[in-house]
Amino acid sequence: MAKIDLTKYGITGTTEIVYNPSYETLFEEETKPELEGFEKGKVSELGAVNVMTGIYTGRSPKDKYIVMDENSKDTVWWTSDEYKNDNHPATQEAWNAVKDLAKKELSNKKLFVVDAFCGANKDTRMAIRFIVEVAWQAHFVTNMFIQPTAEELENFEPDFVVYNASKAKVENYKELGLNSETAVMFNITSREQVIVNTWYGGEMKKGMFSMMNYYLPLKGIASMHCSANTDLNGENTAIFFGLSGTGKTTLSTDPKRLLIGDDEHGWDDNGVFNFEGGCYAKVINLDKESEPDIYNAIKRNALLENVTLDAEGKIDFADKSVTENTRVSYPINHIKNIVRPVSSAPAAKEVIFLSADAFGVLPPVSVLTPEQTQYYFLSGFTAKLAGTERGITEPTPTFSACFGQAFLELHPTKYAEELVKRMEKSGAKAYLVNTGWNGTGKRISIKDTRGIIDAILDGSILKAPTKKIPFFNFEVPTELPGVDPAILDPRDTYADAAEWETKAKDLAARFVKNFAKYEGNAAGKALVAAGPQA
Ligand SMILES: Nc1ncnc2c1ncn2[C@@H]1O[C@H](COP(=O)(O)OP(=O)(O)OP(=O)(O)O)[C@@H](O)[C@H]1O
Ligand SMILES: O=C([O-])CC(=O)C(=O)O
Ligand SMILES: [Mn+2]
């Protein structure tokens with residue numbers, strides 16, 4: 001085992017280091033009877049431990065900062081008045097102060113240190129050291145990142161260090177030019193992340209994803225907020241882009257196929273590879289019958305978050321009193337059909353954009369032209385669903401570039417460029433799938449969406465009869481096996497098609513307005529014709 005010296009990080013007086021704990025140790029540590037408050041884990045009827053993550057039950061994008069220095073100044077896609085995003089600049093002084101706070105918080109106590117990888121490809125993976133004081137946070141990163149072998153651990157040299165000081169607060173945040181007592185800060189030069197005053201594990205997961213999104217495209221590798229799976233022969237790979245809650249995890253967990261990963265992937269010359277070693281599924285209203293694989297993954301070693309248990313440990317999946325963003329993390333091997341031993345597969349042939357349209361305008365599936373592919377990827381239209389981000393309590397329409405704007409560290413066009421390059425090489429086709437609402441006022445059923453996905457993956461969609469949808473010029477199939485034909489043209493789901501038309505015009509205008517920010521150069525301008533015409 002590697003000898004861990006934390007004093008080189010400025011963490012002193014450490015009384016004990018629990019290094020890369022086994023699942024047995026994690027269970028023991030997170031359920032210790034003397035634990036209190038948000039540190040305390042409770043064993044559920046399914047064997048998985050449940051924890052409460054405190055005030056923060058989702059990410060806090062307003063508190064995300066990156067140190068602006070010589071390295072980052074001209075590479076990072078900073079927030080601006082013309083194009084607001086979550087990459088807020090921080091000064092070196094603010095970084096020093098927040099890091100000092102973390103060092104102080106983490107000194108003189110027992111700590112958990114977890115060394116793990118982000119990225120299944122050995123040439124481009126990041127070796128990360130997580131330093132945390134809460135046992136279940138160590139469990140979370142053990143589930144979500146790629147666990148090194150004993151041999152890899154011998155020689156583990158971190159490329160990146162994460163300091164999780166969730167119990168501290170940035171009291172002088174105003175002085176430091178920050179947003180609140182909470183800070184999620186990155187230093188691209190020193191390769192460190194500091195987390196203060198939020199316990200939400202997703203900040204570590206999505207934090208490292210953001211860093212992969214910085215480093216990989218600069219090496220010519222696509223870095224994508226998508227799930228991925230492949231057929232049983234490991235040949236026909238599909239990727240599913242989508243913002244939180246649009247169905248990446250649900251739809252990629254398909255018993256007929258092998259899962260590569262449910263949220264973050266790269267695409268290089270060898271194909272598509274997972275960044276993670278686990279999955280992070282929403283469990284609100286989780287139904288054993290319709291989502292058996294996810295349900296069955298909730299067992300010992302999985303970690304539930306913010307779920308309601310009764311005194312006997314019985315789970316109430318319908319309870320959203322704490323948050324609608326109730327979650328479970330589990331190592332990917334809790335799913336039976338996965339690509340082994342390495343989560344990777346050849347280049348994707350199908351690229352699916354999942355959009356949960358709260359307006360009820362988009363067809364449940366549209367076959368995109370190459371120009372539409374770029375236009376809709378850059379637009380990233382969807383709804384933010386309740387809970388994943390602080391302050392979002394109902395489906396809120398949004399344009400999230402590349403279906404993951406919150407995690408992009410470079411300009412969106414860079415991600416589009418890398419994706420298009422890969423798609424052209426593999427001859428991949430793209431589809432826009434609405435997993436949100438239609439004229440019935442209800443969300444399109446998972447059953448219909450699964451039928452649509454099946455038709456995309458087996459190619460039958462390309463043989464189906466089609467029609468064109470006005471304003472958007474979408475080509476949509478009029479019949480697909482296993483899918484209710486009455487939903488394929490969204491106009492048919494309205495009592496009066498004129499109602500759809502009014503909403504469609506409004507949505508088309510929103511697209512046009514949003515896309516204006518890409519029209520500053522010839523490439524962006526050229527794509528306008530592929531977008532909706534208001
Ligand atoms: N037609 C549909 N297709 C997919 N999911 C649906 C559909 N209708 C309802 N849902 C529900 O929407 C949610 C989709 O969540 P899922 O965890 O798959 O999203 P995700 O894209 O993986 O999000 P995240 O990035 O937060 O992990 C699930 O709770 C699922 O039951
Ligand atoms: O980390 C996750 O899976 C949830 C997510 O996409 C987000 O934080 O927006
Ligand atoms: Mn997911």
Side-chain angles (χ1 to χ4, degrees), residues 57-59 61 143-144 200-203 205-206 209-210 224-229 239-254 259-265 274-276 278-295 297-298 305-307 317-318 320 323-330 332 335 352-358 360 362-365 380 382-389 392 395 400 402-407 432-438 440-454 456 482-484 487 493:
T57 54
R59 282 179 301 104
N143 281 353
M144 292 312 305
Y200 185 61
E203 299 288 8
K205 166 186 154 60
K206 280 305 204 284
F209 178 49
S210 296
M224 315 176 289
H225 189 216
C226 67
S227 60
N229 65 19
I239 54 180
F240 307 70
F241 284 90
L243 216 61
S244 184
T246 55
K248 292 185 299 301
T249 301
T250 307
L251 300 170
S252 60
T253 308
D254 179 340
L259 180 67
I260 305 168
D262 81 329
D263 200 49
E264 310 169 2
H265 292 82
N274 197 354
F275 291 167
E276 304 184 283
C279 302
Y280 195 38
K282 285 180 180 286
V283 297
I284 195 71
N285 298 321
L286 181 70
D287 175 38
K288 186 179 176 171
E289 283 0 286
S290 52
E291 307 301 326
D293 293 341
I294 293 175
Y295 186 90
I298 308 178
E305 292 174 18
N306 300 311
V307 165
F317 284 115
K320 47 182 172 186
T323 174
E324 206 163 314
N325 191 31
T326 55
R327 291 273 182 171
V328 62
S329 65
Y330 47 86
I332 195 164
I335 301 291
I352 298 169
F353 299 152
L354 303 173
S355 171
D357 174 17
L362 296 183
V365 60
T382 189
K384 283 191 181 173
L385 301 188
T388 346
E389 282 186 8
I392 304 287
S400 180
C402 312
F403 302 100
Q405 181 166 306
F407 323 114
L432 180 62
V433 171
N434 176 11
T435 62
W437 287 260
N438 62 21
T440 62
K442 288 209 221 67
R443 210 170 155 179
I444 292 164
S445 75
I446 298 187
K447 184 177 164 288
D448 280 324
T449 300
R450 282 201 193 277
I452 286 166
I453 301 292
D454 288 348
I456 293 173
V483 181
D484 177 2
I487 66 164
T493 64

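Just so you know, ligand 1 is whichever comes first in the structure, and atom 1 is the first atom listed for that ligand.
Only the side chain of D263 comes within contact range of ligand 1, with a heavy atom under 4.0 Å; no backbone atom does. The part of S445 lying near ligand 1 is the backbone, judged by heavy-atom distances below 4.0 Å. Looking at T246 against ligand 1, both its backbone and its side chain come within 4.0 Å, counting heavy atoms.
Every atom of ligand 1 is numbered from 1 in the order shown, and the set under 4.0 Å from a heavy atom of L243 is 21 (O). The distance from ligand 1 to the heavy atoms of Y280 drops below 4.0 Å at these ligand atoms: 27 (O).
Using a cutoff of 4.0 Å between basic side-chain nitrogens and carboxylate oxygens, D484 and K447 are not scored as salt-bridged. Taking the charged nitrogens against the carboxylate oxygens, E324 and K384 have no contact shorter than 4.0 Å, which rules out a salt bridge.
Counted by atom type alone, E305 and Y280 present one or more donor-acceptor pairs between their side chains at under 3.5 Å.
Taking each of T249, T250, N434 in turn, the one with a heavy atom nearest to atom 22 (O) of ligand 1 proves to be T249. For atom 15 (O) of ligand 1, the choice among R443, K282, R327, K248 with the nearest heavy atom turns out to be K282.
At a cut-off of 2.8 Å, T249 coordinates the Mn ion (ligand 3) through an N, O or S atom.
The shortest N or O to N or O distance between G245 and ligand 1 is below 3.5 Å. Residue-to-ligand polar distances keep E291 apart from ligand 1: every N/O pair is separated by 3.5 Å or more. Residue-to-ligand polar distances place I444 within reach of ligand 1: an N/O pair is separated by less than 3.5 Å. Considering backbone and side-chain N/O atoms, D262 never comes within less than 3.5 Å of an N/O atom of ligand 1. Residue G242 has no nitrogen or oxygen atom sitting less than 3.5 Å from a nitrogen or oxygen atom of ligand 1, judged on distance alone.
Using the six-membered ring where Trp is involved, F241 and F353 have ring planes that are perpendicular, over 60° apart on the 30 and 60° scheme.
Exactly one residue among F403, F275, F240, F407 makes a ring-ring contact (aromatic ring centres under 6.0 Å, His included) with H225. That residue is F407.
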